[in-house]
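Following: one structure in C-alpha cells, then a few remarks.
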Amino acid sequence: MDYKATLNLPKTDFPMKGNLPQREPEFLARWAEQRLYQKIQESRADKPLYILHDGPPYANGHIHIGHALNKILKDIIVKSRTMEGYRVPYIPGWDCHGLPIEHQVTKQLGAKKKELTSTQLRQLCREYAEKFYTIQRDEFQRLGVLGDWAHPYLTMNHEYEGTIVREFGKFVEKGGVYKGLKPVLWCTQDQTALAEAEVEYEDHVSPSIYVKFPFQVNPGKQFGIPGLDGVEKVSMVIWTTTPWTLPANQAIALHPDIDYAFVQVGDEVLVMAEQLVAATAKACDLSEPKILGLKKGKDGFEGLVCGRPLTDGLSPILLGDFVTLEQGTGCVHIAPGHGMEDYILALKYNAKAQSQILTEPLQVVVPVDDRGCFTSEFEAFAGEHVLKANPQIVEKLQELGVLLGHGTLNHSYPHCWRCKKPVIFRATKQWFVSMDKGQLRERALKEIDRVQWIPERGRDRIFGMITNRPDWCLSRQRIWGTPIPGFNCAKCSATVADPQIIAHIADLVSEHGADVWFERSAAELLPAGTVCSECGGNEFKKEQDILDVWFESGVSHTAVLKPQGEKWWPADLYLEGSDQHRGWFHSALLSSVTTDGSAPYKAVLTHGFVLDGQGKKMSKSAGNVVAPQDVIKQYGAEIIRLWVAAQDYQEDLRISEQILKQLAEQYRKIRNTCRYLLSNIYDYDPLNPAHQIEIDQLPELDRWALMRLNKLNHNVRQGYTDFAFRQIVHELDYFCSVDMSATYLDILKDRLYTFPKESRLRRGSQMVLFKIVTSLAQLMAPILSFTAEDVWDVLPGKTKEQQAAGSVHVATFPEVIPIKDPEALEAQWKELLAIRAIVLGALEQQRRDKVIGSSLEARVVLQVTPNRHRFLQPYEQDLPTLFIVSQVAVTESDTILIEGHLAADVTLGLSVDVTKASDEKCERCWNYRPTVGGHAEHPTLCDRCIEAVS
RNA sequence: GGGCCUAUAGCUCAGAUGGUUAGAGCGCACGCCUGAUAAGCGUGAGGUCGAUAGUUCAAUUCUAUCUAGGCCCA
C-alpha cells in the first residue's frame with residue numbers, strides 16, 4: 001500500500017520564486033484598474049488625517065536610486081500609517097521651473113534661440129518638464145508607490161504659479177523685501193548673469209600683481225615692534241589677479257590666526273604673511289628683506305586703515321577665515337562688488353556696526369557696466385573694458401609707486417558656457433528678503449525648536465544655517481520661472497512692489513499662467529489708474545527677473561495643503577534627503593514663518609545619500625552607478641523596497657551587487673516561509689466553525705507560536721511608528737527563519753502530515769498557521785507591497801469584507817491575539833528551546849559518527865537535576881516531538897557531569913546522550929515506535945498511523 | 001578651509017551611564033534529510049569594534065588628533 005498517499009502533505013500553487021520583474025507590473029495594472037489609492041482613501045474617509053507632504057523632485061531626467069529611496073520611504077510611511085487606521089492621502093509633486101531645464105532647452109536650440117520669444121521658450125521648457133514629470137511618475141509608480149498620481153502638484157500649474165506670486169505679495173506686505181546689490185557671475189559678451197552651472201572652468205592667463213596699501217599713520221605704537229616706529233613708509237602688501245577690481249577696493253582682509261611679518265626692505269616696511277615672505281620677495285625681486293617682528297592677524301590689525309591705490313578713501317583691515325597661504329601675501333584685497341567672499345565679509349562687518357571697527361559702512365562699489373566697461377565712477381578708464389584695461393592699470397600703479405611686483409599666472413578661470421569668453425564677478429541689483437527686518441531669523445529659529453527633527457542632529461544643522469545665512473536673494477535673471485511681480489516707474493525709476501498690485505497680478509497668473517507676465521505690457525498688467533507714489537508718473541516698466549525656485553517649492557505647503565482643508569496644515573511630516581536642510585526645509589520654514597508665523601511641518605525626517613558598495617559617491621565617470629531601472633529588471637522593485645527598509649537610511653546608504661544578492665536571499669526566505677504556511681492550510685477554512693479551536697485549548701507549542709506572532713506584531717508596528725524600518729526587516733527575518741522555519745514549522749511537520757485530517761490538533765495548528773500567514777502579509781505590506789498582495793490573494797476563506805477590499809493595502813494591521821499569561825509561556829519556552837539546542841548539538845555529534853542520519857532515528861537520554869525534572873515532567877510526552885526524535889528518556893540525577901556525555905549544561909541542569917532508536921521505523925510517519933508490526937493488516941505501521949489510515 | 005555626520009564579522013544591522021568569552025540574521029564551510037526539494041534542518045569557522053595618543057584600576061564605549069567617506073557651505 002502507498003501510505004504516502006494517506007499523508008496530508010503540503011500543497012500550494014503559490015510559487016517558490018517571486019518572478020518579480022514579470023509579476024509586479026501585473027499587480028500594478030490591477031491596482032490601477034481597481035483604483036486602489038482612491039479605494040483606500042474612501043475606506044478611511046472618517047479617520048484622523050496624517051499628512052506626509054511630498055517634496056517635489058526636479059522634473060529633469062529619469063529617476064535615480066536616491067529618488068527611489070525617498071519615494072519608497074514615503075510609501076512605507078503612508079501605507080503603514082494607513083494600516084494603523086489613519087487617513088493618509090499622498091499627493092506627489094514636481095518642481096518644474098528653473099535653470100537646469102531652461103539650460104537644457106537652450107542648449108538643444110543652439111542658435112535658434114535668438115528667434116524665439118520668451119513665451120515660446122517658456123513653452124518649450126514647459127513641454128520639457130511635462131515630458132520628464134510623466135516619465136518620473138511612471139517610474140515612481142513602478143516602484144509600487146501608491147498616491148494620487150492622476151492629480152499631482154506641479155509648480156508650473158497656473159494655480160500654483162498664482163500662489164507663488166500671491167505668497168511673494170505677502171512677503172512684500174510683511175515688509176522684508178528690498179532691492180540691493182549682490183555680486184553674480186556676469187558675462188560681458190552676452191550681458192547676462194550666469195549661474196554657477198553655466199560657467200565652464202578653463203585655463204586663463206591673468207596678471208599677477210603685488211600692490212602696496214600704505215598705512216596713513218605709522219602703526220609702530222600699535223604693535224611695539226622694534227625698529228618700526230621711525231620708518232617713514234609702512235604698507236600692507238596685497239596680491240591679486242584682477243587689477244581691474246582695485247578701483248572697487250573697500251578693505252584688506254587678514255586671517256586672524258596667521259602670523260604676519262613686518263619686513264624691512266630698504267627704507268620701507270612691508271607687511272605680509274610670514275610664510276609667504278620668501279615667495280613674495282622672489283616674485284617682487286626684493287633685496288635683503290629683514291623681518292623686524294611678527295603679529296597674528298587678530299593681534300591689533302583689525303580696524304587699522306590704509307590708503308587705497310587708485311581711489312580716494314581709506315581701506316580698513318578686517319579679519320576673515322577664508323584667507324589662505326596658498327598664494328599671494330596672506331593679505332587679501334576686498335572688493336565687495338566683485339567677489340562673493342568680499343561681499344559676505346562686507347555684510348558681516350556692516351552688520352556689526354556697533355563694534356566700532358568701521359567708521360563708516362563698506363560700500364558695494366561697482367564702477368563697471370553691463371558690457372564690462374568702467375563707468376564714470378572710475379573716470380580715468382571710463383568706457384574701457386575691464387579685462388583690456390588691466391595692463392594700463394598695472395602701469396598706473398607703477399606710476400603711483402605702489403606696484404611692488406608683477407607677473408602673470410596661468411590658472412583655471414570661469415568662462416561663459418555659451419560664448420566661451422571669460423566672465424567677471426559683478427554686483428547687480430537683486431531682490432532680497434531681509435532675515436532680520438521683522439525678526440524673520442529670530443522667529444524661524446524659535447520655530448525650529450517646536451519641530452521634531454529626526455534624527456535630532458537635523459535640528460543643529462538647520463539651526464546653524466538659519467543663524468548664519470545672509471539675506472535671501474529671491475531674484476534670478478532667467479526666463480523659465482515665476483516672474484517677480486514688480487515694476488519700475490519709467491520716469492523716476494522708483495521700484496513699485498505693492499501688495500495690492502501683486503494680488504491683482506496673482507489673480508491674472510492663476511487664471512492665465514505666468515506667461516501672462518511675458519505676453520502683456522506693464523500697462524495691461526497693472527490695475528487701471530496706477531500711478532507712481534514717488535513722482536506720480538503713470539508709465540511703468542516690468543521687472544525682468546524671476547523668483548528663486550526655492551521660493552516656489554518653499555510655498556508648496558500653501559499651494560498644496562491649505563486648499564485641501566484646514567486640517568491639512570501644518571503637515572505632520574516632511575521627509576527628504578539631508579541636503580534639504582539647506583533647501584526645501586529651509587525655504588519652506590522661512591516662507592511659512594513669514595506668512596503664517598509658524599513652521600509648516602510638525603516633524604522632519606531626513607535620509608542619507610546612496611553610495612556604492614565601498615561607500616563612495618556614485619558617478620558616471622567612476623562607473624559605479626546603480627540604476628533603479630536595472631535593479632527592477634534583474635530583481636524587481638520589491639528588492640529595492642526591501643533594501644530601503646533594511647538599511648540605516650538616516651546615515652548614508654550603500655548599494656552593490658552583493659547587497660542586492662543578500663536581500664534577494666532574505667526575500668526568498670520570507671517568501672518561502674509564507675509559501676510553506678500556505679501549503680499547509682490548503683484544506684483549512686477559517687470560516688468553518690469546525691476548524692476553529694479555542695486559543696486556550698491549543699497545545700502550548702501553538703500558543704507559543706501565537707505569542708511569538710503577537711510579539712512580532714507589536715515590534716513591527718512599533719518599528720513603523722518609530723520609522724525604524726530595519727528593525728522590522730530583522731524582526732520579519734528572524735521570525736521566519738528562527739521562530740517559524742527552524743522551530744515551529746519543523747516541529748509541526750509530524751502533526752500536520754501524519755495526523756488525521758480533521759484531528760483537533762491538526763486543525764488547531766492550521767488555525768495558527770492561517771493567523772500567522774495572514775498577519776505576515778499585513779505586517780510586511782508597507783514594505784513588501786507586492787508579495788504581501790500575492791499572499792493575500794491566495795488566503796483561504798476570505799470574509800466578504802476582505803473580498804470586497806480586494807487588497808491587503810486596504811486592510812489594517814492584525815489584532816493582538818489574546819493569550820493567557822504570555823510572560824510565563826515565553827519564559828517557559830525559552831528554557832525548553834535552550835534545552836532543545838543542547839539536544840540538537842548532541843544529535844549532530846552522533847550524525848558525525850554515523851550513528852544516526854535523520855534525527856528520527858535517534859533516542860535521546862536526558863539526565864537532569866531534580867529541579868529540571870520537575871520542570872520537564874509536564875512536557876515529557878511532548879519532548880520527542882519537540883526534539884524531532886523518536887524516543888526520549890529522562891532520568892534524574894543529583895549531579896550533572898560534563899565528562900562522559902555527548903553534551904551537558906550545568907546551568908540548565910542536564911546532560912544529553914543519544915543512541916540509535918530502538919524498535920522499528922514506521923513506514924508512514926518514520927518514527928521508531930514499539931507498536932510497529934502490531935497490526936496484521938498494516939505490519940509496517942505504528943499504532944498512531946493505523947488509526948490515521950483507517 | 002568651515003558646519004553637521006559616519007566608521008562593530010564577507011554583507012546588513014544589534015550592543016554597552018566605560019567592567020567577564022562583543023551578539024543576530026544572512027552568506028561561507030562541513031554534514032543531514034529527500035514528505036517545503038532550484039527547498040528544509042543541524043554544526044562550525046569568521047571580529048586587534050577605522051588608526052594613533054590621552055584620561056582611567058579598566059576604553060570598542062569618554063577626549064584629542066589623524067585616515068577614509070558623505071551632505072551642506074565657501
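Lettering of chains follows the sequences in order, A, B, ..., and the numbering in each one begins at 1. Predicted model only: the values in this text are computed from it and were never measured.
Side chain of A/W643 to backbone of A/L663: no donor-acceptor contact under 3.5 angstrom is found. Without hydrogens or angle criteria, A/H607 side chain to A/Q650 main chain gives no donor-acceptor distance under 3.5 Å.
Between atom OG1 of residue A/T467 and atom CE of residue A/M465 there is a gap of 11.0 Å, rounded to the nearest 0.5 Å.
The aromatic rings of A/H411 and A/Y413 are tilted relative to each other, their planes meeting at an angle between 30° and 60°. Note: A/Y574 and A/W584 have parallel aromatic rings, judged against thresholds of 30 and 60 degrees for the angle between ring planes.
Both distances falling under 3.5 Å, in either a Watson-Crick or a G-U wobble arrangement, occur for no nucleotide opposite B/rA38. Of all nucleotides present, only B/rU65 satisfies the Watson-Crick or G-U wobble test against B/rA51, with each distance under 3.5 Å. Of the nucleotides present, none pairs with B/rC33 by Watson-Crick or G-U wobble criteria with both distances under 3.5 Å. Nucleotide B/rA58: unpaired (no Watson-Crick or G-U wobble partner with both distances less than 3.5 Å). Base pairing analysis places B/rG44 opposite B/rC28; the two distances defining the Watson-Crick or G-U wobble pair are each below 3.5 Å.
Here A/E731 lies out of heavy-atom contact (under 4.0 Å) with every strand. Base contact: A/R924 has a heavy atom under 4.0 Å from a base atom. Among the protein residues, A/D460 comes within range of no part of the nucleic acid, since none of its heavy atoms lies under 4.0 Å from any strand. A/G853 comes within contact range of the sugar-phosphate backbone alone, with a heavy-atom separation under 4.0 Å but no base atom that close. The residue A/T12 sits apart from the nucleic acid: no heavy atom pair falls under 4.0 Å. Residue-level contact check: A/S679 touches neither bases nor backbone, having no heavy atom under 4.0 Å from any strand. Using a 4.0 Å heavy-atom distance criterion, A/V738 is classed as a sugar-phosphate-only contact. Looking at heavy-atom distances under 4.0 Å, A/N680 makes no contact with the nucleic acid at all. Residue A/W926 is classed as a base contact, given a heavy-atom separation below 4.0 Å to a base. Within the nucleic acid shown, A/R675 comes within 4.0 Å of sugar-phosphate atoms alone, with no base atom in reach, counting heavy atoms only.
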> Using a cut-off of 4.0 Å between protein heavy atoms and nucleotide atoms, how would you tag nucleotides 43-51 of chain B 5' to 3' with B, S and -?
Replying inline: S--------
> What is the per-nucleotide protein-contact pattern of nucleotides 60-72 of chain B, from the 5' end, where B denotes a base atom under 4.0 Å from a protein heavy atom, S denotes such proximity for sugar-phosphate atoms only, and - denotes neither?
Replying inline: ---------SSBS
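Protein atom CG of A/L732 is 15 Å distant from nucleotide atom C1' of B/rC13, rounded to whole Å. As a whole-Å value, the separation of A/L7 CG from B/rA36 C1' is 14 Å.
Side-chain contact between A/E857 and A/K916: present, with at least one pair of heavy atoms (C-beta onward) separated by less than 4.5 Å. Considering only heavy atoms from C-beta on, A/R762 comes within 4.5 Å of A/D683 through its side chain. Side-chain contact check for A/L843 versus A/L840: some heavy-atom pair is nearer than 4.5 Å. The shortest distance between side-chain heavy atoms of A/M435 and A/L590 falls below 4.5 Å. A heavy-atom distance below 4.5 Å is not found between the side chains of A/I334 and A/L318. Proximity of A/I462 to A/I466: side-chain heavy atoms (C-beta onward) are separated by under 4.5 Å at one or more points.
Put simply, the side chain of A/T673 and the base of B/rA36 share no donor and acceptor less than 3.5 Å apart.
The gap from the C1' atom of B/rC33 to that of B/rA45 amounts to 23 Å, rounded to the nearest Å.
Of the candidates A/T245, A/T242, A/V184, A/L185, A/F425 forms a side chain to side chain contact (heavy atoms under 4.5 Å, CB included) with just one, namely A/L185.
For the residue pair A/H938 and A/R924, no side-chain donor N or O sits within less than 3.5 Å of a side-chain acceptor on the partner.
Phosphate proximity of B/rC32 to A/K850: present, with a side-chain N or O under 4.0 Å from OP1 or OP2. For the OP1/OP2 pair of B/rA36 and a distance below 4.0 Å, the side-chain nitrogens and oxygens of A/R671 include no atom meeting the criterion. Within the 4.0 Å cut-off from OP1 or OP2 of B/rG25, not a single side-chain nitrogen or oxygen of A/Q666 is found. Between A/S855 and B/rC32 there is no side-chain N or O to OP1 or OP2 distance below 4.0 Å.
Using a 4.0 Å cut-off between charged nitrogen and carboxylate oxygen, A/R582 and A/E576 do not count as a salt-bridge pair.
Both A/Q658 and A/K669 sit near RNA chain B, but only A/Q658 has its closest nucleotide nearer the 5' end. Heavy-atom nearest nucleotides on RNA chain B were determined for A/R668 and for A/G458, and the one closer to the 5' end corresponds to A/G458.
Looking at residues 748-757 of chain A, you'll see A/K749, A/Y753 sit with a heavy atom under 4.0 Å from some atom of RNA chain B.
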